[in-house]
Amino acid sequence: MADLSKNDVSKFLSRRSFLTHTSCFGAYYALAQLVPLPALGETLGASVNADSRVSQTPLVDKGFAVVRKIGNGLYATISDPSKGATTLCNGGFLVGKDAAMLLEGFTTTGGAAFQMEALRMVTQVPVKGALDTHYHFDHSMGNSYYGANGVPLWAHANVARRIVENYSPLQGADKAAMLAPFEKAVKDAKNDTEKAHAQSDLNAVTTVYSLSNATVLALPNHPVDPSKPTTVDLGGLTAIIEHLPGHSGTDMIVRVPEQNVVYTGDLLFNGWYPVCFDEKATISGWRATLAKFAAMDKETIFVPGHGQLCGQEGIATLREVFDDISAQAEKMFHAGVPVAEAQQRYVVPDKFKNFPVFAWGFTISPAIAKLYGEWQSK
Ligand SMILES: [Zn+2]
């Protein structure tokens, strides 16, 4: 297992010579080059597109994100990273008779402020809390806006620790020393494909370094117990916060069972390659979570962590992506291809060619390393 993750970004980042302990992120520099998010009607399954719960007219549209009503007291914030990184991830809010709940701290305080203003367009009820669905930078770096405005910050009990472990070491760190191994990987690449992979990783790490140094980190002060579901009563609207495995080890979903709406956080990337680099990401766990989503009501509306609003077809597509990565990796595994080579050799099939890949070292490459690990430990 020693060479399992030679090309794995989290391994690079955990070298104590230049960082104490880091395995952060997805990437956003790369996202600036993305094709714009498909329009609502282009991606929604026929049933959800025609769904009367989803308002065709946005509550607010700032380009970088659109807020839309998707149910009774339920709103989704859907980001389009090609139009700016103010929010980057998706979010939303839930509004009951007595209280409201916000989802996500986003990448910047501007993102959190934007969503709070959207909430105030529809209600003046007190905000019970803002939930980070997990600790990653694009969901948590705008947290200080909530702190400054007296909004309790909710998250999986391990989120505060993981924000500190992953992003504090980047603050004030020597940039040249930090980027050196990633620059070396670009220089040492054996061919154009490997060079493009390495360059995408360098871009991502550079971005997270910059963001970390431009951000006042704010930690959740209201830990949510991951061992059992938490019921939140907002007054005539009941939400359930629940931990599921897969993406980061700190993932919380928010379900509104009475309306068949699920805010998945990054356990769902709709029309994107999934970000799998996290040291606590588990491919088998993630696939089990997706199987759980697939077993939910066929009328369920999913608000993914990234990508357009969707119905069950979004779940089915991400399962296909995992199936494809797994099938290609398994062939190489059985043929004795070393993991480092397999990580480079995966080919994006035609049907997924428009799917954004954050950065190779945060998505496909670690997924293959983790799959190899799971097979080797059998
Ligand atoms: Zn994430």
Side-chain angles (χ1 to χ4, degrees), residues 8-10 13 22-31 34 65 77-79 81 85 87-92 103-108 111-112 130-143 154-156 158-167 170 200-201 204-205 207-208 211-212 215 217 220 224 226 243-254 262-283 285-287 289-290 293 302-307 314 318 321-322 355-367 370:
D8 190 294
V9 172
S10 66
L13 287 171
T22 295
S23 66
C24 22
F25 35 92
Y28 106 127
Y29 185 92
L31 294 182
L34 285 179
T77 300
I78 303 294
S79 292
T87 44
L88 236 184
C89 73
N90 295 334
L103 304 181
E104 306 297 12
F106 300 107
T107 309
T108 66
L131 174 82
D132 290 352
T133 59
H134 61 297
Y135 81 92
H136 287 161
F137 76 93
D138 50 326
H139 300 255
S140 66
M141 284 203 179
N143 278 350
W154 296 26
H156 182 293
N158 291 343
V159 161
R161 179 173 59 75
R162 299 210 62 203
I163 288 175
V164 171
E165 283 176 356
N166 285 277
Y167 303 125
L170 298 175
S200 70
D201 296 346
V205 175
T207 294
V208 177
L211 276 170
S212 297
T215 298
L217 297 175
V224 180
H243 169 64
L244 288 172
H247 172 69
S248 74
T250 59
D251 304 289
M252 292 290 197
I253 66 164
V254 177
V262 182
Y263 297 84
T264 64
D266 280 4
L267 289 167
L268 176 59
F269 283 74
N270 179 27
W272 299 48
Y273 268 86
V275 169
C276 302
F277 77 91
D278 201 282
E279 63 186 42
K280 301 283 187 204
T282 139
I283 307 301
W286 199 332
R287 292 169 100 183
T289 289
L290 291 172
F293 290 159
F302 294 97
V303 182
H306 298 273
L318 184 56
V321 171
F322 273 114
F355 284 28
V357 176
F358 268 131
W360 201 261
F362 301 100
T363 52
I364 291 156
S365 162
K370 282 170 190 287

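Residue numbers start at 1 and run along the sequence shown. Whatever order the structure lists them in is the order used to number ligands and atoms, beginning at 1.
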**Message:** For a distance under 2.8 Å, tell me if His134 has an N/O/S atom near the Zn ion (ligand 1).
**Reply:** yes

**Item:** Proximal heteroatom of His136 relative to the Zn ion (ligand 1) (N/O/S)
**Value:** ND1

**Request:** Answer yes or no: is there an ion pair linking Asp132 with Arg162, defined by an N-O contact shorter than 4.0 Å?
**Result:** no

**Request:** Angle at the Zn ion (ligand 1): provide the value between OD2 of Asp266 and NE2 of His247, rounding to 10 degrees.
**Result:** 100°

**Request:** Hey, can you tell me if Phe293 and Phe302 have their rings parallel, tilted or perpendicular (30° and 60° cut-offs)?
**Result:** tilted

**Fill in**
Interatomic distance, OG1@Thr77 vs CG@Leu103, rounded to 0.5 Å, equals 8.0 Å

**Asked** Using 30° and 60° as the class limits, which term best fits the ring planes of His243 and His156: parallel, tilted or perpendicular?
**Response** perpendicular

